[in-house]
Number of protein chains: 2
Amino acid sequence: MKSRSDDLYFLLSVVDSGGFSAAAEQLEVSVTRVSRAITRLEQSLNTTLLNRTTRKVSLTEEGRLFVEKVRGGLAALEEAEELLAIRKQKPAGRLRVDAANPFLLHQIVPHVRDFREAYPDIELELTASDRIVDLLERRIDVAIRIGPLEDSSLHARPIARSPLSVVASPDYLKRRGNCDSPDALRDHDIIGFTAPEALNFWYIGQGVRVRPSIRASSGEAIRQLCLSGNGLAYLSRFMIGADIEQGNLVELLSDHLVSPNPRELVNAVYYRNTTLSARIQVFLDFFETRWNFL
Amino acid sequence: MKSRSDDLYFLLSVVDSGGFSAAAEQLEVSVTRVSRAITRLEQSLNTTLLNRTTRKVSLTEEGRLFVEKVRGGLAALEEAEELLAIRKQKPAGRLRVDAANPFLLHQIVPHVRDFREAYPDIELELTASDRIVDLLERRIDVAIRIGPLEDSSLHARPIARSPLSVVASPDYLKRRGNCDSPDALRDHDIIGFTAPEALNFWYIGQGVRVRPSIRASSGEAIRQLCLSGNGLAYLSRFMIGADIEQGNLVELLSDHLVSPNPRELVNAVYYRNTTLSARIQVFLDFFETRWNFL
DNA sequence: AAATACTTTTGCGATTTTTGAAATGAAAAG
DNA sequence: CTTTTCATTTCAAAAATCGCAAAAGTATTT
């Protein structure tokens with residue numbers, strides 16, 4: 001509540017450098033300041049953080065726990081500042097973004113107006129392709145992919161997660177009855193994928209390989225089929241979140257859903273291990289805060 | 001680097017309450033202070049965070065991004081303080097912890113000496129049981145479980161993740177050759193579980209159901225079999241981390257491992273949705289920082 | 001258009017904190 | 001026993017923060 005972040009930085013420096021004077025030198029401040037920062041901190045927390053034996057300082061057990069958590073917190077704060085620094089560079093230029101069609105429609109398109117307003121100098125080019133295509137050849141800067149990545153020659157960074165849910169339309173459920181347990185799936189119509197077959201593996205309980213009575217080749221098609229009461233589907237939250245909120249689809253078996261699972265991860269894929277271009281950076285930061293599928 | 005946490009709290013309050021005066025009232029300080037805090041912050045960051053139109057304040061786009069990150073950071077810092085507060089209560093009494101045998105051996109037992117030293121008033125009782133047993137009847141306070149949870153009547157909290165790796169002993173590999181691709185698994189001896197069969201599903205590529213040529217009923221047995229060169233095994237990092245470091249086991253197919261997956265999550269299970277007892281809290285905090293399997 | 005009703009910002013003296021240099025104290029090293 | 005190496009404390013100067021009251025805006029109302 002009251003601890004000044006400056007003092008926390010001092011603490012970290014002391015811990016890392018192993019002494020007050022060393023920390024002072026490292027931070028280019030007087031030893032007095034360091035000493036006082038720690039004292040202030042300890043008093044404010046009413047705890048002894050550092051065990052001072054004249055030659056060395058060592059962390060008390062509470063200090064250890066405290067420092068551990070503090071590190072993460074300060075890192076986040078610094079990231080926040082860094083964000084602004086990047087943004088100040090007024091990123092500009094062309095940015096080619098690729099995503100699977102449903103993701104593009106449901107989670108990117110609705111926000112591009114705001115994005116363009118925030119970064120008017122970035123020319124956004126959106127493309128849709130279901131599989132990972134040749135990013136390099138098509139000059140794509142960043143691709144959003146859902147689920148496990150196949151090509152590991154590219155670099156990827158997880159940026160969000162979109163759990164999968166079993167859903168059905170209310171009228172279907174009225175006709176066919178509810179579905180309370182994984183075993184009850186047998187009594188229902190399942191809308192599945194034509195290919196790859198791995199998509200018809202649902203992460204429920206121990207994992208179930210379903211036998212679809214209807215198949216479609218795209219998630220969007222499955223969603224439509226489900227909305228019009230053709231059966232149960234297992235889809236990513238990002239494309240049915242709105243449907244659920246509006247009551248057009250009902251979640252089933254939520255107690256038996258297994259999370260995390262390989263298909264719920266949303267990754268940003270790009271080449272270059274090195275630092276991302278400001279364009280890509282701001283794009284990801286911008287959208288990360290808007291993707292609000294749980 | 002220089003932003004003060006106090007000012008950040010002011011910022012948050014302004015954002016949440018929707019105005020300077022409202023924030024001032026909420027924080028029980030003068031409006032002047034709030035205004036100055038924001039000004040100071042903005043100058044220090046050299047950025048306009050708040051868009052003041054007389055009737056209301058709204059976040060600028062940079063402000064939005066900034067606040068978002070800051071929230072997380074401050075939350076972590078507060079957690080750190082809270083930790084100390086809990087610890088100050090000198091938690092005492094009996095704490096019954098249950099875990100699967102290998103986890104108990106590899107990740108708990110090695111640290112109990114330190115734990116006892118840190119919390120001398122807690123009487124630790126450790127039990128091992130492979131499946132979730134009747135926690136209530138056996139009076140277990142907290143159980144550590146790896147992988148998906150079956151009984152959802154209990155409350156669980158993910159506390160760590162322990163990825164799974166495909167491993168083999170160096171001498172086995174010398175004899176039988178390397179294993180570069182998921183397909184190459186066919187040419188190798190697999191050490192699998194006798195039951196449940198679901199454990200012989202490996203999260204590699206699209207997911208592979210392996211056909212073990214040797215089976216054992218416990219992870220520890222599988223580990224031993226693997227160490228003595230009987231074939232490939234797919235085990236949690238927490239039980240083979242040391243083996244890998246010491247070179248007694250070699251990781252295979254790491255490029256094809258799929259993460260996250262349902263079996264890598266380490267959960268703390270307990271009844272009570274309400275606030276955890278100090279005992280359980282400190283136990284989890286203490287060990288979380290020591291479990292260092294990636 | 002002018003007046004009104006809110007808000008935020010600013011000027012300024014008083015008050016509280018913070019700072020560095022040097023003094024002090026304390027434990028290890030020679 | 002003396003020297004060295006740190007950390008803490010003292011003290012006066014310097015800096016920052018604070019609150020009051022006045023000022024400066026900007027929607028809404030008259």
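By convention in this document, chain letters (A, B, ...) are assigned in the order of the sequence lines, proteins followed by strands, and residues within each chain are numbered from 1.
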**Asked** Which parts of residues 12-23 of chain A get close to DNA chain D, meaning a heavy atom less than 4.0 angstrom away?
**Response**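 Within this stretch, A/G19, A/F20, A/S21 sit under 4.0 Å of the strand.
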May I have the distance from [X] (atom [atom1]) to [N] (atom [atom2]), rounded to whole angstrom?
X: A/I38; N: D/dT8; atom1: CD1; atom2: C1'; result: 13 Å
X: A/K56; N: D/dT4; atom1: NZ; atom2: C1'; result: 17 Å
X: A/E25; N: D/dC6; atom1: CD; atom2: C1'; result: 13 Å
X: B/N51; N: D/dT26; atom1: CG; atom2: C1'; result: 14 Å
X: B/R52; N: C/dT10; atom1: CZ; atom2: P; result: 9 Å
X: B/E28; N: D/dG19; atom1: CD; atom2: C1'; result: 16 Å
X: B/L49; N: C/dT8; atom1: CG; atom2: P; result: 15 Å

**Asked** Does the side chain of B/S165 pick up a donor-acceptor pair with the side chain of B/E251 at under 3.5 Å?
**Response**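 Yes - a donor-acceptor pair under 3.5 Å links their side chains.
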**Item:** Any donor-acceptor N or O pair under 3.5 Å, side chains B/T289, A/R64
**Value:**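 There is such a pair (donor and acceptor under 3.5 Å, judged by atom type) between the side chains of B/T289 and A/R64.
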**Asked** Does the pair A/D285/A/R290 count as a salt bridge with the N-to-O cut at 4.0 Å?
**Response**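 A/R290 and A/D285: not salt-bridged.
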**Message:** With a 4.0 Å cut-off on N to O distance, would you call A/R145 and A/D98 a salt bridge?
**Reply:**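 Here A/R145 pairs with A/D98 in a salt bridge, since their nearest N and O are under 4.0 Å apart.
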**Message:** For the OG atom of A/S162 and the CG atom of A/L265, what is their distance to the nearest 0.5 Å?
**Reply:**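 If I round to the nearest 0.5 Å, the distance is 10.0 Å.
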**Item:** Within 45° cone of B/F10 ring axis and under 6.0 Å: B/R4 NZ or CZ
**Value:**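 Because its charged atom misses either the 6.0 Å distance or the 45° angle limit, B/R4 does not stack over B/F10.
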**Prompt:** Do A/Y119 and A/F283 make the cut of ring centroids closer than 6.0 angstrom?
**Reply:**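 That pair fails the under 6.0 Å test.
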**Asked** Given the side-chain rings of B/W291 and B/F103, with only the six-membered ring counted for Trp, is the space between their centroids under 6.0 Å?
**Response**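 Ring-ring flag for B/W291/B/F103: true, centres closer than 6.0 Å.
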**Request:** Any chance you could list the contact pattern along nucleotides 20-26 of chain C? Use B for base contacts, S for sugar-phosphate-only contacts and - for none, protein heavy atoms under 4.0 Å, 5' to 3'.
**Result:** BBB----
If the cut-off is 4.0 Å, is [X] near the phosphate of [N], judged by side-chain N/O to OP1 or OP2?
X: A/S35; N: D/dT8; answer: yes
X: B/R40; N: D/dT17; answer: yes
X: B/R4; N: D/dA16; answer: no

**Asked** Are any side-chain N or O atoms of A/E82 and backbone N or O atoms of A/L77, one a donor and one an acceptor, separated by less than 3.5 Å?
**Response**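 The answer is no, because no donor-acceptor pair under 3.5 Å joins these two groups.
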